[in-house]
Number of protein chains: 2
Amino acid sequence: MASTTPAVIASEETAKPRRADAQRNYDKLLAAAREIFREHGAQASLDDIAKRAGVGPGTLYRHFPTRDDLIDAVMREWSEDVDSDSDEVIAAGLDAQETLRTWFGKFVENIGVYRGAAAKVMSAMDDESSPIYRKCQVLVGANDKVLTHLAGRGELRDGVDSREVMRLVSGIATVADQSHLSVDESTPMLDIVIQGILRDPSAP
Amino acid sequence: MASTTPAVIASEETAKPRRADAQRNYDKLLAAAREIFREHGAQASLDDIAKRAGVGPGTLYRHFPTRDDLIDAVMREWSEDVDSDSDEVIAAGLDAQETLRTWFGKFVENIGVYRGAAAKVMSAMDDESSPIYRKCQVLVGANDKVLTHLAGRGELRDGVDSREVMRLVSGIATVADQSHLSVDESTPMLDIVIQGILRDPSAP
DNA sequence: ACCTGAACACCGTTCAAGT
DNA sequence: ACCTGAACACCGTTCAAGT
């Protein structure tokens with residue numbers, strides 16, 4: 001179980017001082033991006049986002065030089081939600097199987113809010129140059145917390161690596177996303193993974 | 001285990017009668033597409049393909065109205081390779097674990113030839129309107145053959161659905177593709193899935 | 001320091017003209 | 001029946017001019 005440094009992140013966009021109009025445009029762009037991403041997925045037209053925000057396209061590029069920078073900003077509070085989900089799941093005191101079902105289910109559900117986001121997270125996990133990389137670290141850390149908790153109680157098979165599990169689950173989220181599966185329809189896949197990492201119930 | 005109708009497919013593109021020059025252009029386009037897809041992935045510029053083939057862009061659209069039609073054609077013999085792989089694996093007489101390792105490994109390796117192909121296969125699996133859908137049926141059928149073979153020997157857990165396994169493995173292939181993982185680096189994920197579908201060794 | 005919007009570049013797609 | 005390539009449309013990206 002690879003331990004990941006706990007992700008303590010100051011909210012970067014509020015920390016940075018900005019002129020009042022710039023801040024207003026930043027906020028309008030983020031709100032517009034959330035709307036449009038929700039409607040058309042993470043590959044939506046950036047021009048449409050600028051239009052919806054009522055600013056020129058240049059303004060969008062000033063604040064978010066690449067599409068991934070914009071996605072990263074949109075994902076901020078969302079990744080914090082996922083992180084707090086992991087704490088809740090651990091605190092709930094469910095058995096190992098239910099813990100994983102709940103955790104993986106929430107993960108897939110959250111990541112599926114924006115179409116295309118799952119694929120982004122999936123590939124950014126191993127790409128340090130991606131603006132989303134740091135956000136992924138939060139998710140990796142949250143997942144590691146849950147698995148370490150179960151491993152500490154001897155509930156996992158030997159040699160289970162939380163990064164591999166994370167890759168798998170984000171892969172499932174991507175399948176669910178691209179095939180337009182509901183959360184329920186992704187549980188059979190999640191159950192296979194859960195069977196694959198839980199120690200056999202027969203062994204005490 | 002859902003049984004799929006065995007995929008008997010006549011080579012459609014040789015069956016269709018064409019003018020000699022049209023056939024030549026068709027062949028040149030396919031060859032160019034294979035080259036360019038191999039270099040730049042399945043999202044490569046269609047214009048580049050037409051240029052490499054030495055034909056006008058209109059000719060490409062005449063033969064392949066959509067990008068997926070072109071990908072479908074490029075995948076033809078490739079999907080036949082995968083299908084014959086499944087027969088070889090079954091005939092090899094390996095134990096259940098090695099059978100799955102070999103089969104899944106070949107699957108991921110084959111699907112990874114063109115970047116972006118795994119994602120295409122993944123989403124086309126559940127999309128009947130996709131030109132690639134039929135090709136996916138070949139893969140689904142091949143995978144079902146292998147799993148049915150193991151299920152017949154009582155090696156699989158109850159309730160394992162080959163379609164779900166196929167979704168999972170194509171998801172892993174997509175992760176491997178987008179994260180630029182080697183085949184070796186994807187085996188930990190495959191092993192988790194294998195553990196998840198194999199009956200416990202302890203139970204006779 | 002920031003915004004605007006015209007301008008450019010790139011690429012997918014169509015279609016009139018040609019054989 | 002098929003091919004060509006100019007033309008169009010769309011969208012991401014840049015940058016000179018303006019505040």
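Hydrogens, waters and symmetry mates play no part in the numbers below; they use all other heavy atoms, side chains included.
Listed by chain and number, the residues in a salt bridge (Lys or Arg N to Asp or Glu O under 4.0 Å) with B:R101 are B:E98, B:D191 (sequence neighbours excluded). Residues meeting the side chain to side chain donor-acceptor pair (under 3.5 Å) test with A:D158, sequence neighbours left out: A:R199. In terms of the salt bridge (Lys or Arg N to Asp or Glu O under 4.0 Å) criterion, residue partners of A:R157 (sequence neighbours excluded) are, by chain and number, A:D200. Looking at residues two or more places apart in sequence or on another chain, you find a salt bridge (Lys or Arg N to Asp or Glu O under 4.0 Å) between B:R34 and B:E77. Remark: A:D27 pairs with no residue by the salt bridge (Lys or Arg N to Asp or Glu O under 4.0 Å) rule, at least two apart or across chains. Under the rule for a side-chain contact (heavy atoms from CB on, under 4.5 Å), B:H180 has no partner lying at least two apart in sequence or in another chain. Qualifying ring pair (Phe, Tyr, Trp, His ring centres under 6.0 Å) partners for A:F37, counting only residues two or more places apart in sequence or in other chains: none.
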Name every donor-acceptor pair, under 3.5 Å, that has one atom in a side chain of residues 48-56 of chain A and the other anywhere in the protein, sequence neighbours excluded.
from: A:K51; atom 1: NZ; to: A:D47; atom 2: OD2; distance (Å): 3.4
from: A:R52; atom 1: NH1; to: A:E35; atom 2: OE1; distance (Å): 2.6
from: A:R52; atom 1: NH1; to: A:E39; atom 2: OE2; distance (Å): 3.4
from: A:R52; atom 1: NH2; to: A:E39; atom 2: OE1; distance (Å): 3.3

Shorter than 3.5 Å, N or O on both sides, protein versus nucleotides 17-19 of chain C: list them out with atom names.
none

Is there any protein nitrogen or oxygen under 3.5 Å from a nitrogen or oxygen in nucleotides 12-14 of chain C, and what are the pairs?
from: C:dG12; atom 1: OP1; to: B:L46; atom 2: N; distance (Å): 3.2
from: C:dG12; atom 1: OP1; to: B:R67; atom 2: NH2; distance (Å): 3.4
from: C:dG12; atom 1: OP2; to: B:S45; atom 2: OG; distance (Å): 3.3
from: C:dG12; atom 1: OP2; to: B:L46; atom 2: N; distance (Å): 3.2
from: C:dG12; atom 1: OP2; to: B:D47; atom 2: N; distance (Å): 3.2
from: C:dT13; atom 1: OP2; to: B:Y61; atom 2: OH; distance (Å): 2.6

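Across the protein-nucleic acid pair, A:F64 atom CZ and C:dC3 atom C1' stand 15 Å apart, rounded to whole Å. Distance CZ (B:R62) to C1' (D:dG5): 15 Å, rounded to an integer number of Å. Straight-line distance from the OH atom of A:Y26 to the C1' atom of C:dA1: 17 Å, rounded to whole Å. In this structure, the CG atom of A:L60 is 14 Å from the C1' atom of C:dC2, given to the nearest Å. Between B:K51 atom NZ and D:dA6 atom C1' the separation is 14 Å, expressed in whole Å.
For A:V55, the listed nucleotide lying nearest its side chain is C:dT4; candidates were C:dT4, C:dC3, D:dC2.
Here the CG atom belonging to A:L147 is positioned 9.5 Å from the CG atom belonging to A:D161, to the nearest 0.5 angstrom.
Listed by first and then second residue, the ring pair (Phe, Tyr, Trp, His ring centres under 6.0 Å) pairs involving residues 59-89 of chain B are B:Y26-B:H63, B:Y26-B:F64 (not counting sequence neighbours).
For the OP1/OP2 pair of D:dC2 and a distance below 4.0 Å, the side-chain nitrogens and oxygens of B:H63 include no atom meeting the criterion. At C:dC3, one or more side-chain N or O atoms of A:N25 fall inside 4.0 Å of OP1 or OP2 (strictly under the cut-off).
With no hydrogens or angles considered, a side-chain donor-acceptor pair links A:D85 and A:N110 at under 3.5 Å.
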Dot-bracket summary - DNA chain D, pairs being Watson-Crick or G-U whose distances fall under 3.5 Å, with | when paired to another strand: ||.|||||...|||||.||

